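Just dropping this structure here.
First the proteins, then the strands, lettered A, B, ... as listed; each starts at 1. Just so you know, these numbers come straight off a predicted model, no measurement behind them.
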Amino acid sequence: MADDLKIPLLEELEKGPWPSFVTDIKSVAGKSEMAADLLRQLEKSYEDKRGYWKHGGLVGVRGYGGGVIGRYSALPEEFPGVSHFHTVRVNQPSGWVYTADALNGIMDIWDEHGSGLTNMHGSTGDMVLLGTRTEELEPTFLALTQKGWDLGGSGSDMRTPSCCIGPARCEYACFDTLALTYNLTQEYQDELHRPMFNYKFKIKVSGCPNDCTAAIARSDMAIIGIWKDDIKVNQEEFAKYVDSGMDVQGIVVDMCPTSCISVDGKTIDIDDSNCVKCMHCINKMPKALAVGDEKGAAIALGAKAPIVDGALFGSIMVPFIELEEPYEELHDLIERIWEFWDEHGKARERIGEFIERVTLARFCEEVGLDPIPQMVTHPRENPYIFYEEYFAEEGEGSEE
Amino acid sequence: MADDLKIPLLEELEKGPWPSFVTDIKSVAGKSEMAADLLRQLEKSYEDKRGYWKHGGLVGVRGYGGGVIGRYSALPEEFPGVSHFHTVRVNQPSGWVYTADALNGIMDIWDEHGSGLTNMHGSTGDMVLLGTRTEELEPTFLALTQKGWDLGGSGSDMRTPSCCIGPARCEYACFDTLALTYNLTQEYQDELHRPMFNYKFKIKVSGCPNDCTAAIARSDMAIIGIWKDDIKVNQEEFAKYVDSGMDVQGIVVDMCPTSCISVDGKTIDIDDSNCVKCMHCINKMPKALAVGDEKGAAIALGAKAPIVDGALFGSIMVPFIELEEPYEELHDLIERIWEFWDEHGKARERIGEFIERVTLARFCEEVGLDPIPQMVTHPRENPYIFYEEYFAEEGEGSEE
Amino acid sequence: MATDVERKTDIGPPHYEQFLHPVMKANYGKWLYHDSIAPGVLSHTGPEGTIYTVRAASPRLASTNFIRNMTKIATDFCDGYLRFTSRNNVEFLTDKEENVDKIKAALAELKIPVGGTNNAISNVVHTQGWVHCHSAATDASGLVKVVMDELADYFTSENLPAKTRLAVACCLNMCGAVHASDIAILGVHRTPPVIDHSTLPNLCEIPTTVASCPNNAIKPTSIEGKTTVKVDEDKCMYCGNCFTVCPSMPLSDPLNDGVSIWVGGKISNARTEPMFTKLAVPYLPNNPPRWPEVTDAVKKIVDVYAANARPFERLGEWIDRISWARFFELTGFEFTKYHLDDFRWAGTTYKRSLQNRY
Amino acid sequence: MATDVERKTDIGPPHYEQFLHPVMKANYGKWLYHDSIAPGVLSHTGPEGTIYTVRAASPRLASTNFIRNMTKIATDFCDGYLRFTSRNNVEFLTDKEENVDKIKAALAELKIPVGGTNNAISNVVHTQGWVHCHSAATDASGLVKVVMDELADYFTSENLPAKTRLAVACCLNMCGAVHASDIAILGVHRTPPVIDHSTLPNLCEIPTTVASCPNNAIKPTSIEGKTTVKVDEDKCMYCGNCFTVCPSMPLSDPLNDGVSIWVGGKISNARTEPMFTKLAVPYLPNNPPRWPEVTDAVKKIVDVYAANARPFERLGEWIDRISWARFFELTGFEFTKYHLDDFRWAGTTYKRSLQNRY
Ligand code: SRM
Ligand code: SRM
Ligand code: SRM
Ligand code: SRM
Ligand code: SF4
Ligand code: SF4
Ligand code: SF4
Ligand code: SF4
Ligand code: SF4
Ligand code: SF4
Ligand code: SF4
Ligand code: SF4
């Protein structure tokens with residue numbers, strides 16, 4: 001089967017130092033006709049400079065509305081191996097941590113029920129099992145759940161939350177990213193598996209402002225670690241950085257966005273009242289500086305890719321929230337947000353677009369957040385103010 | 001007449017160190033019933049917290065469409081002195097320079113034909129003769145023109161251009177602001193006096209990026225001096241600033257927006273390739289530093305106050321143009337701009353709003369400007385590109 | 001006035017050259033540098049000598065008397081030469097250093113302050129207000145007077161961190177510099193236009209009126225067979241643009257009109273790019289003749305700025321450095337939902353990063 | 001597979017704790033600092049000891065074979081523990097420093113580069129392309145492969161000025177990080193959708209389809225009595241959103257599809273706030289299998305950046321410092337009308353100050 005692979009164009013991609021997905025797919029093409037036909041169809045795409053997949057198709061597992069992306073070849077006669085080629089999104093563990101056994105178990109399932117191809121991982125964070133037939137979906141699901149795995153999200157649901165490695169391997173983590181992500185995923189299984197929102201709702205969780213999951217750019221709700229008090233300084237360790245010959249002035253002091261660091265010989269001084277917690281100085285001198293003690297997270301809503309209104313970064317709705325089990329305050333907030341969005345959002349309107357449409361002021365009012373300067377880069381510049389209080393004729397000035 | 005002035009509220013404004021317009025108006029109220037009734041009506045406004053002027057009214061001088069703002073009291077019986085209270089906008093000389101004689105001549109005319117009140121000057125730049133009757137307009141105009149004065153603009157015309165004192169008294173002037181302003185005003189008398197545009201079109205002219213006429217904020221076309229080459233340095237004079245004890249580091253070096261100044265002892269070095277010509281260092285050390293030799297101006301279009309689409313600063317259309325008599329290149333550009341705006345602009349659409357509506361790219365194309373990076377803070381962030389070139393089926397790729 | 005004179009049109013303004021002091025003409029385009037002699041007094045030097053400038057305040061709304069007082073000083077000490085600045089101050093120009101003090105003395109006699117140079121508060125760019133405009137939500141000249149009474153010392157000295165520019169406008173048309181001043185006072189209406197359906201069909205063009213509204217709050221409607229308009233009051237933010245094009249839609253409302261306060265704008269390109277003003281205080285009542293709430297608020301801003309900013313840091317630059325959170329803390333102004341932008345570029349003002357102060 | 005097992009739903013993912021290396025569990029939340037041992041090798045130290053991480057490249061589109069190769073290394077040297085990063089690299093975790101070299105050797109045998117840490121180019125966040133998606137204007141895996149072949153040395157070393165993040169997406173849906181990467185490659189269509197009126201009335205909901213267009217280019221129309229839609233081609237900028245909701249409006253066009261190149265985005269809050277990518281090259285042709293025009297352009301950007309930026313200055317920060325004018329000069333890319341924004345916030349990108357380079 002794989003012997004008759006004629007893929008000269010793709011084989012050009014076997015050259016060069018970077019790991020070749022072509023070589024890799026070939027390595028399973030012997031045992032998987034799906035993989036072989038994927039290469040054949042892809043070779044045709046490379047010849048013709050176009051894709052050969054049909055537009056989506058609703059397939060899934062019983063009782064779930066999400067977790068599977070239906071896909072059919074546009075040339076099923078020519079490439080029967082990919083006539084169906086659906087993907088199964090498997091909810092990854094918090095922080096993408098695995099044991100060899102656990103992963104091998106999934107590979108076994110996929111060799112049996114699918115193409116033998118995966119994406120580790122999809123952009124949202126799921127383990128993506130790439131390519132299988134409709135009739136294999138239910139058996140795949142059954143096998144996965146038996147081993148303790150479940151599906152992730154797709155469609156207009158809460159998407160699979162994901163998080164950085166945080167406290168499991170990072171000194172910067174301002175809260176337990178893995179625990180929170182696990183908690184939210186479990187708490188909202190229904191919202192994850194049964195699309196009932198206006199549109200997708202993504203949650204990404206980063207332990208500090210370095211934002212190693214790109215939450216601020218790619219999640220409707222970004223939960224990003226931050227601290228409120230002062231940066232912790234170890235002057236001894238700082239002196240060692242100076243001694244090591246590091247250009248502390250050029251690399252740290254001059255690059256602080258608010259110029260709030262001063263160095264006097266081997267002593268560092270930070271004006272924490274002007275520090276914006278950007279992380280730069282800590283990043284450059286992790287032994288001398290550390291995030292503070294009053295730790296928690298900021299919540300930014302509304303990040304998304306450009307479709308429809310243009311790309312957005314998340315915008316700060318809560319500049320600081322403590323995040324400890326059982327996360328009641330956060331659950332409450334999430335639910336109030338979903339409720340308001342659900343009731344007043346339009347179909348296919350992401351939360352970021354929704355907030356802009358209903359205005360930030362109204363959004364705050366409805367979900368119960370006080371307007372504060374931290375929500376904006378600056379107050380309004382235009383004078384088009386919807387004054388709501390006014391004096392009534394009779395009231396003699398007292399109504400305001 | 002002025003004896004029976006009962007203006008207790010306004011008289012509160014005669015207290016305090018700042019020159020009092022009330023005291024000043026009173027000083028002519030004896031000979032001008034207009035001035036007296038203005039005070040009386042104003043007193044009523046102060047009592048009632050509202051204005052008492054009727055909505056505009058089209059009045060003017062023969063053959064002119066602009067230059068006069070019609071104004072009638074809403075309470076003509078009560079305040080007959082201001083039943084008519086039109087203003088006459090007199091085109092000021094470039095740079096607002098006068099001789100006592102010239103000014104006195106105008107005051108004579110105004111004492112004879114008007115209220116004896118003025119604004120020196122209006123926000124656009126005109127000398128504003130404040131308050132007269134319809135029947136006095138033509139005589140006022142006649143008297144003014146006999147002494148060499150003419151009216152300024154109002155309505156949908158080119159408004160009276162104005163300029164900073166520039167080369168007449170300022171070492172920073174990068175071109176002759178007074179000459180250019182005179183030239184434009186004379187060249188476009190018809191456009192100034194006979195409103196035929198979609199809306200007003202203001203021109204302000206500043207000799208350098210300090211922009212002492214606020215051109216970038218308040219004129220549809222801002223012409224602002226700039227230079228292309230290096231800042232001129234006088235090291236000897238620089239040393240004197242250092243010797244004087246000036247905090248050169250804090251006040252100059254650290255405040256340069258592009259950090260392109262370095263000081264070594266008593267020598268200053270400027271990395272002109274990174275200088276953005278902000279003027280700050282020159283402003284602070286005018287004896288040591290001076291604008292370069294390759295001088296000219298930048299042209300920014302579209303500044304305006306908020307109505308309708310929100311306030312705009314002018315946006316750079318020409319980052320550098322040489323401005324020498326007879327200013328042909330500039331005249332050409334202005335005329336191309338007016339032509340395109342005239343043809344495609346909507347009624348009451350300022351040029352700034354117009355450019356945004358038709359897009360900057362199209363505007364450039366139509367008025368014959370090449371797109372260059374200096375026109376933007378950065379290239380587009382959204383991928384919604386209107387590709388115009390494409391390959392046609394037959395063309396085999398050659399059509400692009 | 002003789003009527004037999006030839007009627008001239010389109011002659012334009014007189015040529016400026018005839019109004020230039022001889023030293024200015026001689027040094028024209030060749031100036032070398034300037035010096036600050038004292039608050040309100042500058043000298044400019046070129047190869048052909050030095051000219052001294054004395055800058056005097058003006059109420060701008062000035063009678064022919066006031067102007068004649070000025071021309072008299074110019075005649076006495078400046079060979080007749082004087083000018084006005086782009087902020088409506090009067091400048092006396094002389095090549096005789098000894099005349100500087102004489103000019104100052106003459107001005108002192110008239111109780112006219114000298115100043116406005118360098119790190120001062122200069123004259124206030126302002127508008128017509130109840131003195132002349134139909135649109136006004138407040139008075140302009142009165143506000144300028146009471147505010148500058150409070151701040152006069154900042155005009156006659158140069159000890160603020162940097163130049164500080166004030167502006168007053170009496171309605172959202174902002175005939176002046178409100179949108180780009182260090183501190184600005186803006187007259188605001190707070191109730192929708194009251195439509196006079198009896199005159200509207202005659203006075204106003206319906207399509208123009210409908211198109212005038214930035215928020216599409218105006219729709220055509222028919223009352224007793226005549227086409228008029230109606231306003232969706234939920235969409236109206238009282239900008240007054242409809243009134244500008246249609247006299248039958250006045251917004252004036254003595255009970256609710258008042259002023260708002262804006263801060264942090266600038267024009268120059270020095271250090272930072274030009275900045276728009278931002279909302280500081282959404283509403284203060286019209287309380288003539290001396291608007292104490294307004295003068296208090298403005299004074300507060302100037303004081304806090306003077307006490308905290310670094311040398312040559314403009315008000316907006318200072319706030320950018322210390323954060324808006326701190327600005328509201330220091331001034332004690334309340335941050336409200338009105339401060340959150342909701343117009344067409346609102347999204348660009350949302351805070352889209354973690355960089356914040358706590 | 002036995003069918004008599006109980007069908008479980010909504011169990012969620014396994015708890016992560018069972019997948020944590022014991023040293024990571026012991027130091028959980030208590031880490032003190034990290035060190036960089038070599039490109040691709042980090043150590044993290046806490047009170048309970050040190051964990052070593054070896055980071056290996058992955059094609060992401062990975063077969064079960066590939067994963068089994070990885071798990072084998074983890075079994076051999078890491079007590080079975082491994083993880084994936086947010087950029088799809090594989091990380092091997094061991095508490096035995098001596099195993100680091102063994103892991104590297106095992107990876108070398110598989111020809112898998114080790115790197116991606118610190119000031120490197122890490123793995124490329126990307127999407128499906130012609131491998132799996134109906135929307136794709138280009139392939140993603142292929143582009144990643146050819147670009148990283150060119151840049152592999154930057155993965156295995158750490159000598160760029162700062163972290164440099166690349167992304168590839170095959171259409172404007174941008175399933176990944178194109179809008180906020182240092183360098184991004186974006187598949188673009190350049191011709192309007194071709195409407196299949198025979199299927200549209202059955203397959204597509206007209207109001208949804210009409211609403212999907214960011215530019216209101218789609219209007220309902222009727223053809224032979226059936227409601228379908230028409231596209232105003234002058235208003236279409238080929239975003240493909242209509243196709244997402246309506247299968248009868250494909251945009252794929254082999255002759256005109258291709259890629260665009262974007263630069264200067266970032267995510268972190270370090271130093272500067274997050275930034276969007278900006279257009280560098282509006283169009284390069286699809287030239288599989290090795291897209292030489294694209295690799296050249298990307299290489300050019302990296303080279304110019306590497307040669308000119310300061311230490312720890314991200315690409316976008318560097319351009320901000322030197323100006324876009326200089327960026328286009330240095331790269332030799334043409335600045336065109338396509339670089340001028342014309343979408344809803346276009347006005348905010350116009351240069352509204354005199355501060356410019358010449
Ligand atoms: C598989 C994945 C790409 C990948 O190779 O990793 C993917 C694949 C698709 N995405 Fe996506 N998106 C994937 C992450 C993203 C991301 C990144 C993220 O989540 O961090 C984004 C940008 C962030 C965002 O959500 O804005 C993203 C923005 C979109 C959009 C843009 C519209 C929107 O604003 O949501 C669409 C179009 C849509 O929703 O109809 C879309 C639609 C699609 C569809 C379902 C195509 C479609 O039009 O229906 C793609 C299916 C491809 C296929 O055949 O398998 N995908 N999509 C990612 C999900 C894997 C996972 O579950 O882990
Ligand atoms: C007299 C003056 C104010 C002053 O006290 O100095 C003035 C007075 C009026 N302006 Fe103005 N504008 C004056 C300078 C300005 C400026 C400042 C400037 O030119 O630098 C602006 C802001 C910049 C700009 O043009 O955007 C300005 C923006 C407006 C607007 C805003 C709408 C627009 O975008 O143009 C209007 C409304 C309109 O045009 O219908 C307006 C309208 C008016 C009207 C005609 C009222 C109206 O609705 O028709 C005012 C007549 C008042 C009166 O009764 O005398 N005025 N107006 C200024 C002209 C004097 C002169 O010729 O020297
Ligand atoms: C006379 C006048 C021009 C005119 O033709 O009338 C003028 C004259 C000078 N300006 Fe100006 N400026 C004048 C209005 C302005 C304006 C416009 C305005 O205020 O509406 C601005 C922009 C204001 C803004 O940014 O909001 C302006 C921003 C500057 C700056 C930049 C200040 C800064 O650092 O932001 C300088 C440089 C400096 O002072 O260091 C400057 C410098 C100067 C110099 C030193 C130039 C020179 O060498 O002669 C002059 C004396 C400055 C002084 O008073 O301290 N001039 N200057 C105007 C006096 C207005 C007044 O009566 O107070
Ligand atoms: C493993 C990983 C988290 C995870 O849960 O998977 C991770 C791990 C670390 N990140 Fe990260 N970052 C990871 C993705 C990211 C991302 C997300 C992305 O690239 O899509 C970002 C935002 C990128 C951006 O700004 O565009 C990110 C921005 C940072 C930064 C800020 C860099 C900057 O100066 O802008 C730091 C601090 C630093 O490196 O100085 C950092 C620092 C770190 C540290 C040093 C934290 C620590 O002490 O453990 C870790 C090693 C860094 C290294 O590789 O140089 N990490 N880091 C991700 C590795 C991805 C990879 O395989 O290359
Ligand atoms: S986001 Fe912060 S806490 Fe999380 S891995 Fe990155 S640096 Fe560590
Ligand atoms: S975290 Fe950032 S803002 Fe704060 S001191 Fe360090 S470098 Fe400066
Ligand atoms: S704009 Fe420049 S040239 Fe004109 S007066 Fe001001 S500082 Fe002088
Ligand atoms: S003009 Fe401005 S940018 Fe140029 S060197 Fe001087 S301070 Fe720096
Ligand atoms: S700001 Fe408004 S009220 Fe004041 S003069 Fe201008 S148009 Fe009239
Ligand atoms: S006041 Fe402004 S917002 Fe209100 S109806 Fe009139 S134009 Fe519209
Ligand atoms: S970017 Fe577009 S083509 Fe690529 S996977 Fe996402 S939806 Fe499909
Ligand atoms: S491709 Fe985009 S712009 Fe064109 S019609 Fe479809 S939705 Fe509209």
Side-chain angles (χ1 to χ4, degrees), chain B residues 9 12-13 16-19 21 24 27-28 45-46 48-51 53 55 91 93-94 96-100 103-104 107 110-111 116-120 123 139 145 148 150 167-169 171 178 185-186 189 209-214 216-217 255 257 278-280 286-287 305 307-308 311 313, chain C residues 1 5 8-14 16 19-20 24 28-29 31-33 44 57 59-67 71 74-75 80 82-84 86 112 130 134 136 141-142 145 148-149 152 173-177 179-180 214 241 247 252 254 267-271 274 286 288-290 343:
Chain B
L9 289 176
E12 287 297 310
L13 295 179
W18 197 249
F21 68 98
D24 191 38
S27 81
V28 289
S45 286
Y46 271 54
D48 299 350
K49 306 186 186 181
R50 54 158 301 183
W53 299 106
H55 196 286
N91 198 332
S94 288
W96 300 288
V97 289
Y98 296 94
T99 55
L103 265 184
N104 289 342
M107 296 307 119
W110 198 232
D111 279 335
L117 300 176
T118 75
N119 288 147
M120 295 293 277
S123 289
T145 46
D150 199 346
R169 201 201 51 194
E171 68 270 32
L178 292 84
T185 309
Q186 295 294 353
Q189 282 288 302
N210 282 332
D211 194 4
C212 297
T213 62
I216 197 84
M255 292 183 103
C278 86
M279 289 296 297
H280 179 70
K287 291 181 186 166
I307 305 286
V308 183
F313 287 130
Chain C
M1 173 74 29
V5 296
K8 297 193 242 180
T9 63
D10 301 301
I11 58 173
Y16 52 90
F19 303 135
L20 291 181
M24 289 163 72
Y28 198 89
W31 298 97
L32 293 169
Y33 58 84
H44 286 79
R60 191 186 81 133
L61 169 37
S63 70
T64 49
N65 266 3
F66 179 90
I67 305 298
T71 56
T75 306
L82 78 169
R83 71 178 290 264
F84 293 80
S86 62
I112 308 259
W130 294 331
H134 56 211
S141 310
K145 166 71 179 149
M148 286 309 290
D149 276 345
N173 282 334
M174 290 193 191
C175 300
H179 63 303
N241 199 36
S252 172
I267 301 286
S268 81
N269 292 278
R271 301 166 306 282
N286 263 336
R290 295 204 65 99
F343 196 52

**OP:** Side-chain contact test, heavy atoms from C-beta onward, threshold under 4.5 Å: evaluate it for C/S86 versus B/W96 and give yes or no.
**Re:** yes

**OP:** Under 4.5 Å, counting heavy-atom pairs only, tell me which of B/A100, B/G51, B/G148, B/S45 racks up the most with chain C.
**Re:** B/A100

**OP:** Might you work through the side chain to side chain contact (heavy atoms under 4.5 Å, CB included) test for C/M174 and B/S123, ending with a clear yes or no?
**Re:** CA-CA 10 Å; C/M174 290 193 191; B/S123 289; over 6 Å; no

Original post:
How many angstroms lie between atom CG of B/D24 and atom OG1 of C/T64, to the nearest 0.5 angstrom?
Top reply: 8.5 Å

**OP:** Would you indicate whether the side-chain heavy atoms of B/Q186 and C/P13 approach each other to under 4.5 Å?
**Re:** yes

Subject >> Pairwise distance CZ(C/R60) to CZ(B/F21) - rounded to 0.5 angstrom >> reply: 11.5 Å

Subject >> Check: C/N269 side chain, B/C278 main-chain N or O, donor-acceptor pair, under 3.5 Å >> reply: no

Subject >> Top contributor to chain C contacts, counting heavy-atom pairs under 4.5 Å, from B/D211, B/L117, B/N119, B/T145 >> reply: B/N119

**OP:** Identify, with sequence neighbours excluded, every residue that meets salt bridge (Lys or Arg N to Asp or Glu O under 4.0 Å) alongside C/R271.
**Re:** C/E317

**OP:** Mark yes or no for whether C/N65, through its side chain, and B/S27, through its backbone, hold a donor-acceptor pair below 3.5 Å.
**Re:** yes

Subject >> From OH (B/Y98) to CG (C/L20), nearest 0.5 Å >> reply: 13.0 Å

**OP:** Could you tell me which portion of C/L61 (side chain, backbone, both or neither) has an atom closer than 4.5 angstrom to a non-hydrogen atom of chain B?
**Re:** both

Subject >> C/S252, part contacting chain B, at a heavy-atom distance under 4.5 Å >> reply: side chain

Original post:
For the candidates B/H280, B/M255, B/E12, B/R169, which exhibits the highest count of non-hydrogen atom pairs separated by less than 4.5 Å from chain C?
Top reply: B/R169

Original post:
Does some side-chain heavy atom of C/F84 sit less than 4.5 Å from a side-chain heavy atom of B/L103?
Top reply: yes

Original post:
Relative to chain B, which of C/P214, C/P274, C/A177 shows the most heavy atom pairs under 4.5 Å?
Top reply: C/P274

**OP:** Could you tell me which of C/P59, C/A270, C/C175 has the largest number of non-hydrogen atom pairs under 4.5 Å with chain B?
**Re:** C/A270

Original post:
Taking every heavy-atom pair that is under 4.5 Å apart, which of C/N173, C/N286, C/L82, C/T75 has the most such pairs with chain B?
Top reply: C/L82

Subject >> Portion of C/F343 that has a non-hydrogen atom of chain B nearer than 4.5 angstrom >> reply: side chain

Subject >> Minimum-distance pair of heavy atoms, taken over all atoms of C/P289 and B/L9 >> reply: CB-O, 3.2 Å

**OP:** Would you check if B/L13 and C/R290 make a side-chain contact, meaning some heavy-atom pair closer than 4.5 Å?
**Re:** yes

Original post:
Taking side chain as C-beta onward, heavy atoms only, is B/P286 less than 4.5 Å from C/H44?
Top reply: no

Original post:
In terms of heavy-atom pairs under 4.5 Å with chain B, which of C/G29, C/A57, C/S141 leads?
Top reply: C/S141

**OP:** Heavy atoms only, distances under 4.5 angstrom: which of B/D48, B/T185, B/V308, B/L178 has the most pairs with chain C? Name it, please.
**Re:** B/L178

**OP:** Report the distance from atom OG1 of C/T9 to atom CD of B/Q189, rounding to the nearest 0.5 Å.
**Re:** 8.5 Å

**OP:** I would like to know whether C/L32 and B/E171 meet side chain to side chain contact (heavy atoms under 4.5 Å, CB included); could you show each step before the answer?
**Re:** CA-CA 6 Å; C/L32 293 169; B/E171 68 270 32; 5.9 Å; no

**OP:** Applying side chain to side chain contact (heavy atoms under 4.5 Å, CB included), run through C/I267 and B/I216 and close with a yes or a no.
**Re:** CA-CA 7 Å; C/I267 301 286; B/I216 197 84; 4.0 Å; yes

Original post:
What is the ring orientation for C/H134 with B/H55, classed by angle as parallel under 30°, tilted 30 to 60°, or perpendicular over 60°?
Top reply: parallel

